[in-house]
Amino acid sequence: MDYLQGLNEPQLEAVTTIEGPLMVLAGAGSGKTRVLTMRIAHLITNLIDPFHILALTFTNKAAKEMKDRVAKVVGQSEAKSLWMGTFHSVFARILRSEAHYIGFPSNFTIYDSQDSVNVLKKVIKELNIDGDLYKAKKVLGRISQYKNNLITVKAYFNNPELIENDERANQKHIGLIYQKYVEACFKNGAMDFDDLLLRTNELLTRFPEVLAKYQDRFRYILVDEYQDTNHSQYLIVKALASKFENICVVGDDAQSIYSFRGANILNILNFKKDYPDAVTVSLEQNYRSTQNIVNAANVVIGKNLQQFKKNVFSENEVGEKIKVYRSLSDADEAAFVASNIWQLHNSEQMNFDQFAILYRTNSQTRAFEDSLRKKNIPYRVYGGLSFYQRKEVKDLVAYLRLLVNENDAEALFRVINFPARGIGESTQNKLIVFADSQNITVSQVLGNLGQFAPTLQLNNGIITKLADFWAMIKAFQVMLKDENAYTVAMEVAKRSGLIKTLKDDQTPEGISRVENIQELMNSMQGFIDEQQQVEDGDSSLSNFLENIALSADTQKDKKDDNTPKVSLMTIHLSKGLEFPVVHLVGLEENLFPSFMSSSTREELEEERRLFYVALTRAEKRAFFSYAISRFQWGKITDAEPSRFLSEVDSEYLELINPALESRFMNHSGLKSNIFDEAPMGETRFFKKKEPKKSLERDEPTIIPKNLKPVATAKIINPSGSSSQDIEVGDRVRHDRFGVGEVQFLDGTDPNNIKAKVIFQHEGEKNLILKFAKLTKI
DNA sequence: CACACATCGCTTTTT
DNA sequence: GCGATGTGTG
């Protein structure tokens with residue numbers, strides 16, 4: 001039992017309490033993952049067949065990590081029959097084997113949100129409903145809400161309150177759209193993400209024998225991040241656990257940050273009500289962070305009313321105070337962060353992967369990318385567009401999806417005319433209308449063109465094109481019977497003309513698209529290899545498709561060299577991670593807390609939990625920063641410090657640019673010379689800036705408050721007629737070199753100002769502005 | 001059908 | 001400011 005060594009008392013209790021309901025409240029950094037894995041190991045060591053254990057997580061990453069760690073303790077072979085995965089993947093697997101109960105094919109397609117939006121757009125159009133009033137994305141959000149709360153179409157129409165609600169919101173057609181959307185998905189043999197949960201509920205409630213089967217199988221259930229479960233997930237877990245009640249949920253109500261997508265914090269807050277006999281264990285010792293960080297985080301989260309009272313503490317060193325930096329602009333903030341990282345890297349030999357920059361919104365990324373690039377600091381941006389959401393990748397995947405499930409009309413119409421083969425919109429519409437009138441699917445029409453051609457009212461040329469297209473798809477399907485998925489996919493990429501079309505585009509973007517296709521092929525090969533190595537692996541195309549549908553792998557395309565890099569991500573993405581040094585940036589009202597989430601107490605409490613999550617990522621040092629003005633939506637907007645800053649007791653904070661403070665507080669306007677005297681804490685945190693020979697120096701005018709502080713010169717456009725102000729940091733276009741960014745400006749003589757510009761593709765150039773004909777963009 | 005131009009809308013997003 | 005989406009024109 002050496003795996004029990006080194007656990008503290010509550011951890012030990014959580015691991016060894018095997019029977020009955022158990023709730024583990026795991027404060028930030030308290031060793032939650034360790035407890036979960038040791039608990040599973042302990043179950044197996046106590047001769048509980050792994051076959052009877054189900055462990056549910058929210059991310060693939062968490063599932064994989066836990067599985068690896070369990071395997072290390074109990075051995076690969078023991079760990080294998082364990083069911084461990086995300087809610088969605090586990091239930092997708094169950095649904096595939098039981099699909100016939102609820103009228104779905106077992107090879108149903110899984111739609112991602114983009115697919116769902118596309119289907120909804122078509123539904124809205126078909127219903128002749130004003131698309132301006134019903135934005136597909138918004139409507140999907142609504143439908144998702146309903147599904148997550150188990151409000152089916154039928155339940156919706158039986159609930160006058162809901163209908164009235166939507167009517168009052170001027171959305172009276174929501175019910176109808178919802179209905180048509182569900183019908184469309186059913187016809188396509190497709191489920192969206194929410195369906196994977198909703199349909200599982202349907203399966204378990206409508207068919208007691210199915211429920212009994214899985215209840216008997218899953219005798220020991222563990223749920224990670226329980227505070228993030230939605231109602232639908234809650235009901236499934238409850239139903240499955242109701243026979244044996246060996247259910248262990250682990251979570252931290254203080255870290256519930258996904259209510260905007262249906263997570264219901266009440267699930268964890270009410271666990272005791274559901275299971276009155278439940279044992280509760282609180283893990284309160286934080287092993288991650290300094291006392292200062294833990295205490296500061298505690299003070300802030302303590303302002304929330306809705307929470308379990310916990311006493312999270314640290315016995316690590318007290319640590320440094322949290323440094324607060326007030327900056328003039330987003331660019332200034334970014335420059336500070338980059339300099340600070342650079343300095344710590346040099347003075348304390350810290351690797352770049354020990355730093356994280358956390359922000360509230362993805363749009364804040366850019367300024368930091370710029371500032372890090374200027375200092376040649378390697379970084380990696382997490383999140384953003386997932387690899388599998390790229391258009392070119394989706395296109396090839398759509399072909400493959402069509403091979404597996406030819407009823408998938410969404411996939412069909414995505415590829416029927418891409419690459420262009422003369423099957424235009426009107427032809428497509430005719431196909432849809434005709435298929436609807438005959439009450440069959442479009443694939444059935446295409447499969448029996450000989451029979452339907454006379455009634456289709458299409459000319460022979462088009463009929464031939466349709467026939468050719470369908471013959472191609474059919475040929476791929478035949479091929480799939482003998483060849484492996486990779487070979488078929490390669491053939492699809494070539495024969496469909498996809499690769500050729502992409503290769504015709506020799507722009508950098510076009511080249512990267514081809515690379516993405518190659519990367520998709522590589523990942524497919526990797527998947528097949530992997531599956532063939534494990535016993536009863538499934539290297540089929542449909543399994544590959546399911547895998548990518550349920551994984552938001554954003555980094556597939558990044559060649560992973562092993563250079564340590566600074567991590568840039570949203571706070572949401574940082575949950576579960578830890579970094580020695582954390583920069584929490586953009587601490588401004590309306591940004592964090594977000595202006596969208598400042599109206600109700602519930603929303604604000606979630607933002608505060610988000611703040612808590614962000615701060616507790618830090619192990620040794622935390623830096624806060626905010627800007628008094630920033631670019632937002634193309635405009636410079638004034639900003640006020642976030643309320644969260646004032647919620648941290650000042651004993652934990654240290655302002656690091658008081659010089660600026662006093663200067664800036666007097667509102668007499670900024671004199672130009674303020675820039676000459678290192679007002680931004682420069683003496684301490686900035687390497688000396690490039691010398692600036694500003695024209696403003698000779699003009700004792702009041703500089704507008706919102707002028708970017710890094711501005712070094714104004715120049716007159718050489719054309720003479722128009723004059724433009726160009727500043728450091730501006731993006732410019734050059735006839736020959738393309739798009740670039742001004743690095744610095746030099747020179748006092750207006751006729752002889754030089755600009756150093758780094759162009760996206762051409763690299764660094766020194767230009768004399770008078771001749772360079774730059775345009776600001 | 002391709003391209004150019006206009007318009008919108010814009011938090012977070014494990015699946 | 002920017003990218004996705006939609007509309008119009010040749």
Side-chain angles (χ1 to χ4, degrees), chain A residues 56-64 85-92 110-114 116-118 121 125 131-132 135-138 140-141 144 147-148 191-197 224-225 227-230 232-233 255-263 330 358-364 366-367 382-386 388-389 391 417-427 509 546-554 569-577 586 590-598 603 606-607 609-611 613-614 630-637 730-731 776-777:
Chain A
L56 296 169
T57 64
F58 275 82
T59 67
N60 294 299
K61 209 174 121 204
K64 191 178 176 307
T86 65
F87 277 89
H88 290 82
S89 71
V90 167
F91 297 136
I110 297 170
Y111 280 168
D112 65 21
S113 344
Q114 214 183 317
S116 302
V117 165
N118 289 342
K121 274 185 188 158
K125 212 169 182 179
D132 284 342
K135 300 280 178 207
K137 241 178 155 174
K138 282 241 169 74
L140 181 65
S144 176
K147 286 185 176 174
N148 285 332
M191 294 199 200
D192 65 20
F193 286 141
D194 302 320
D195 284 332
L196 295 175
L197 307 174
D224 191 16
E225 307 277 16
Q227 76 281 357
D228 285 335
T229 50
N230 63 34
S232 199
Q233 289 161 324
Q255 294 185 63
S256 168
I257 55 174
Y258 280 104
S259 77
F260 69 94
R261 39 185 301 162
D330 44 355
L358 306 182
Y359 36 78
R360 180 66 178 83
T361 69
N362 278 311
S363 60
Q364 290 166 259
R366 196 190 184 128
Y382 291 79
L385 195 61
S386 144
Y388 295 111
Q389 285 173 345
K391 182 185 178 300
N417 199 34
F418 189 84
R421 44 177 78 87
I423 304 174
E425 204 186 311
S426 58
T427 307
E509 293 81 18
E546 166 160 337
N547 235 276
I548 62 176
L550 295 178
S551 93
D553 200 335
T554 55
M569 64 184 86
T570 62
I571 300 164
H572 283 89
L573 277 181
S574 75
K575 195 167 85 166
L577 306 176
N590 295 325
L591 183 59
F592 189 22
S594 157
F595 65 100
M596 300 292 289
S597 307
S598 311
E603 285 173 340
E606 176 144 324
E607 294 286 310
R609 292 192 292 269
L610 203 49
F611 182 88
V613 168
R630 75 168 55 236
F631 267 106
Q632 226 170 5
W633 299 333
K635 277 202 196 92
I636 293 168
T637 324
D730 274 346
R731 284 160 57 77
K776 200 161 123 180
I777 50 174

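Residue numbers start from 1 in every chain, and the chains themselves are labelled A, B, ... in the order their sequence lines are given, proteins ahead of strands. FYI, side chains are in, hydrogens and waters are out, and symmetry mates aren't considered; it's all heavy atoms of this structure.
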> For the pair made of NZ in A:Lys64 and P in B:dT15, what is the distance, rounded to whole Å?
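Those two atoms, NZ and P, are 14 Å apart.
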
> Could you pick out which residue, A:Glu606 or A:Gly424, lies toward the 5' side of DNA chain B when each is mapped onto its nearest nucleotide?
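Its nucleotide being nearer the 5' end, the pick is A:Gly424.
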
> Just to be sure I understand the rule, does A:Thr570 reach a base, reach only the sugar-phosphate, or reach nothing, if contact means heavy atoms closer than 4.0 Å?
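It contacts sugar-phosphate atoms only.
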
> Out of B:dT12, B:dT15, C:dC2, which has the shortest distance to the side chain of A:His572?
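Nucleotide nearest to A:His572's side chain: B:dT12.
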
> Output the single nucleotide from B:dT15, B:dA2, B:dT14 whose closest atom is nearest the side chain of A:Ala420.
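Given the options B:dT15, B:dA2, B:dT14, the side chain of A:Ala420 is closest to B:dA2.
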
> I'd like to check the ring-ring contact (aromatic ring centres under 6.0 Å, His included) partners of A:Phe418; sequence neighbours left out, ordered by chain and number.
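In terms of ring-ring contact (aromatic ring centres under 6.0 Å, His included), with neighbours along the sequence ignored, A:Phe418 is linked to no residue.
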
> Pull up the glycosidic torsion of B:dT11 and say syn or anti, syn being anything within 90° of 0.
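What B:dT11 shows is a syn base, its glycosidic angle lying within 90° of 0.
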
> From CD of A:Glu607 over to C1' of B:dT13, roughly how many Å is that when rounded to an integer?
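One finds 14 Å between C1' of B:dT13 and CD of A:Glu607, rounded.
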
> Which pair of heavy atoms, one from A:Gly85 and one from A:Ala63, lies closest together, and at what distance?
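Taking A:Gly85 first and A:Ala63 second, the nearest heavy atoms are CA-CB, 3.8 Å.
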
> Identify whether any heavy atom of A:Leu573 sits under 4.0 Å from a base atom; if not, whether one sits that close to sugar-phosphate; answer base, sugar-phosphate or nothing.
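A:Leu573: backbone/sugar contact only, no base atoms under 4.0 Å.
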
> Is A:Phe260 stacked on the base of B:dT12, meaning ring centres closer than 5.5 Å and planes within 30 degrees of each other?
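So yes, this residue stacks on that base, both cut-offs being met.
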
> List, with names and distances, any nitrogen or oxygen atoms from the protein found under 3.5 Å away from nitrogen or oxygen atoms belonging to nucleotides 5-10 of chain C.
none

> Across the strands shown, which category fits A:Gly422 at heavy-atom distances under 4.0 angstrom: base, sugar-phosphate, nothing?
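It contacts sugar-phosphate atoms only.
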
> Applying salt bridge (Lys or Arg N to Asp or Glu O under 4.0 Å), can you list everything that pairs with A:Lys61, at least two apart in sequence or on another chain?
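Applying salt bridge (Lys or Arg N to Asp or Glu O under 4.0 Å) to A:Lys61 gives none.
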
> Which residues pass the side chain to side chain contact (heavy atoms under 4.5 Å, CB included) test with A:Leu140, sequence neighbours left out?
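Side chain to side chain contact (heavy atoms under 4.5 Å, CB included) check on A:Leu140 returns A:Ser113, A:Ser116, A:Val117, A:Leu120, A:Tyr181.
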
> With a cut-off of less than 4.0 Å, is there a side-chain N or O of A:Asn362 near OP1 or OP2 of B:dC10?
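No, no such contact exists.
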
> Let me know the distance between NZ of A:Lys61 and C1' of B:dT14, rounded to the nearest Å.
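Rounded to whole Å, this separation is 10 Å.
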
> Are A:Arg261 and A:Asp194 within salt-bridge range, i.e. N to O under 4.0 Å?
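No, this pair does not count.
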
> Side-chain N or O of A:Thr361 versus OP1/OP2 of B:dC10: is the shortest distance under 4.0 Å?
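No, no such contact exists.
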
> Rounding to an integer number of Å, can you tell me how far A:Phe611 CZ sits from B:dT11 C1'?
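Computing the A:Phe611:CZ to B:dT11:C1' distance gives 18 Å.
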
> For A:Arg630, check side chain to side chain donor-acceptor pair (under 3.5 Å) against everything at least two apart and list the hits.
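So A:Arg630 forms a side chain to side chain donor-acceptor pair (under 3.5 Å) with A:Glu333, A:Glu588.
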
> Counting the atoms with a prime plus P, OP1 and OP2 as sugar-phosphate, which does A:Gln364 contact under 4.0 Å by heavy atoms, base, sugar-phosphate, or nothing?
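Result for A:Gln364 = nothing.
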
> Does A:Thr361 have any side chain to side chain contact (heavy atoms under 4.5 Å, CB included) partners at least two apart in sequence or in another chain, and if so, which?
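A:Thr361: side chain to side chain contact (heavy atoms under 4.5 Å, CB included) contacts with A:Ser363, A:Gln364, A:Leu591.
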
> How would you list, by chain and number, every residue that makes a side chain to side chain contact (heavy atoms under 4.5 Å, CB included) with A:Ala367, sequence neighbours excluded?
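By the side chain to side chain contact (heavy atoms under 4.5 Å, CB included) rule, A:Ala367 matches A:Ala334.
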
> Within this structure, what is the CG-to-C1' distance between A:Leu550 and B:dT14, rounded to whole angstrom?
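My rounded result for the distance is 12 Å.
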
> Does A:Tyr258 reach a base, just sugar-phosphate, or nothing at all? Heavy atoms under 4.0 Å.
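Contact class for A:Tyr258: base.
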
> Tell me whether the rings of A:His572 and A:Phe260 are parallel (<30°), tilted (30 to 60°) or perpendicular (>60°).
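Perpendicular.
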
> How would you summarise protein contacts on nucleotides 3-8 of chain B per nucleotide, using B for base, S for sugar-phosphate only and - for none, with heavy-atom distances below 4.0 Å?
------

> What integer distance in Å separates A:Lys138:NZ from B:dT12:P?
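Those two atoms, NZ and P, are 14 Å apart.
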
> Any donor-acceptor pair under 3.5 Å between the side chain of A:Arg360 and the base of B:dT11?
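Under the 3.5 Å cut-off, the side chain and the base do not form any donor-acceptor pair.
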
> Please name all residues satisfying side chain to side chain contact (heavy atoms under 4.5 Å, CB included) with A:Asn118, sequence neighbours left out, ordered by chain then number.
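Once residues adjacent in sequence are excluded, the partners of A:Asn118 under the side chain to side chain contact (heavy atoms under 4.5 Å, CB included) criterion are A:Glu410, A:Arg414.
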
> Look at A:Arg421 and B:dC1 and indicate whether a side-chain polar atom (N or O) is within less than 4.0 Å of OP1 or OP2.
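No.
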
> Find the distance A:Leu140:CG to B:dT15:C1' and express it as a whole number of Å.
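Rounded to whole Å, this separation is 13 Å.
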
> Among the candidates B:dC1, B:dT14, B:dT15, find the nucleotide nearest to the side-chain atoms of A:Asn417.
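Of the options given, the side chain of A:Asn417 lies nearest B:dC1.
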
> Closest to the A:His88 side chain: B:dT15, B:dT12, B:dT14?
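Minimum distance to the A:His88 side chain belongs to B:dT15.
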
> Nearest whole angstrom, please: distance from the C1' of C:dG1 to the CD of A:Gln632.
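So the two atoms are 12 Å apart, to the nearest Å.
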
> Pick the closest DNA chain B nucleotide for A:Gln389 and for A:Ile257 by heavy atoms, then say which residue is nearer the 5' end.
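Residue closer to the 5' terminus by nearest nucleotide: A:Ile257.
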
> Between A:Asp192 and A:Lys147, is there a salt bridge with N-O shorter than 4.0 Å?
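A:Asp192 and A:Lys147: salt-bridged.
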
